[in-house]
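Have a look at the structure that comes next, please.
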Amino acid sequence: MSDLGRTMVTSAEQRAEPRLRVGEAGLIALDEHSSVGCLVHDVSNGGVRITLPDAAIIPDVFLLVASCLPAATVCRVIWREDEMIGARFQPQDNRA
């Protein structure tokens, strides 16, 4: 097997769930009064990968709104680079 083949297998094994590539615009709420635009690259049942001009300004827990999601969704940053964030969806608290 070539090195490329091994890399592809290793990468696939690291993903817990399949991802759907979407490439749609979204908004991240920074606080009650401000938000920043982002691009949602892909979505899985458990999380999302997004890009934006400055990932450092995004808090560790944020609210994401995008048409590819059924509702505004609370996310927790798992990893971040200069312009990219990988985040996990936070479970909804169903207390009444």
Side-chain angles (χ1 to χ4, degrees):
M1 182 184 285
S2 71
D3 288 335
L4 178 60
R6 278 194 292 269
T7 302
M8 290 172 62
V9 169
T10 302
S11 295
E13 289 173 359
Q14 291 176 358
R15 297 199 188 277
E17 300 171 336
R19 294 179 182 228
L20 173 65
R21 294 192 188 273
V22 291
E24 292 185 15
L27 280 176
I28 296 172
L30 297 177
D31 57 36
E32 295 176 359
H33 306 289
S34 60
S35 61
V36 64
C38 67
L39 180 64
V40 179
H41 286 283
D42 53 47
V43 177
S44 71
N45 286 336
V48 64
R49 182 173 58 102
I50 58 176
T51 58
L52 63 160
D54 185 5
I57 65 170
I58 305 303
D60 288 341
V61 177
F62 61 90
L63 185 67
L64 175 63
V65 178
S67 62
C68 58
L69 300 174
T73 306
V74 178
C75 301
R76 177 174 295 279
V77 174
I78 301 303
W79 57 267
R80 75 175 79 214
E81 296 175 357
D82 293 339
E83 297 179 346
M84 191 170 292
I85 290 176
R88 204 172 264 150
F89 298 136
Q90 291 293 106
Q92 296 294 325
D93 186 357
N94 292 327
R95 284 185 252 165

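Note that the numbering runs from 1 along the sequence shown for the chain. Quick caveat, the model's predicted, so the values are computed rather than measured. Keep in mind that the numbers below use all heavy atoms, side chains included, and drop hydrogens, waters and symmetry copies.
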Can Met84 be reached from Phe89 by stepping across I, L, V, M, F, W or Y side chains whose heavy atoms are under 4.5 Å apart?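 Cluster IDs for Phe89 and Met84 differ.
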Can you tell me how far CD of Glu83 sits from SG of Cys38, rounded to the nearest 0.5 angstrom? 13.0 Å
Ser35 meets the side chain to side chain donor-acceptor pair (under 3.5 Å) criterion, sequence neighbours left out, with none
Where at least one partner belongs to residues 29-38, residue pairs that pass salt bridge (charged side-chain N to carboxylate O under 4.0 Å, His left out), sequence neighbours excluded: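 Of all non-adjacent pairs touching residues 29-38, none passes salt bridge (charged side-chain N to carboxylate O under 4.0 Å, His left out).
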Quick check: closest heavy atoms across Val36 and Leu30, and the distance to 0.1 Å?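 Minimum heavy-atom separation between Val36 and Leu30: CG1-CD2, 4.2 Å.
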Give every donor-acceptor pair under 3.5 Å between a side-chain atom in residues 55-78 and any protein atom, sequence neighbours left out.
unit_1	atom_1	unit_2	atom_2	d
Asp60	OD1	Arg80	NH2	2.9
Ser67	OG	Glu24	OE1	2.5
Thr73	OG1	Ala71	O	2.8

If every non-hydrogen atom of Val48 is compared with every non-hydrogen atom of Val43, which pair is closest and at what distance? CG2-CG2, 4.0 Å
Asp54 atom CG, over 12 foreign heavy atoms within 6.0 Å: yes
Roughly how far, to the nearest 0.5 Å, is CD1 of Ile85 from CZ of Arg49?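 Answer for the CZ-CD1 pair, Arg49 versus Ile85, is 12.5 Å.
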Within this structure, what is the CG-CG distance for the pair Asn45 and Leu20, rounded to the nearest 0.5 Å? 10.0 Å
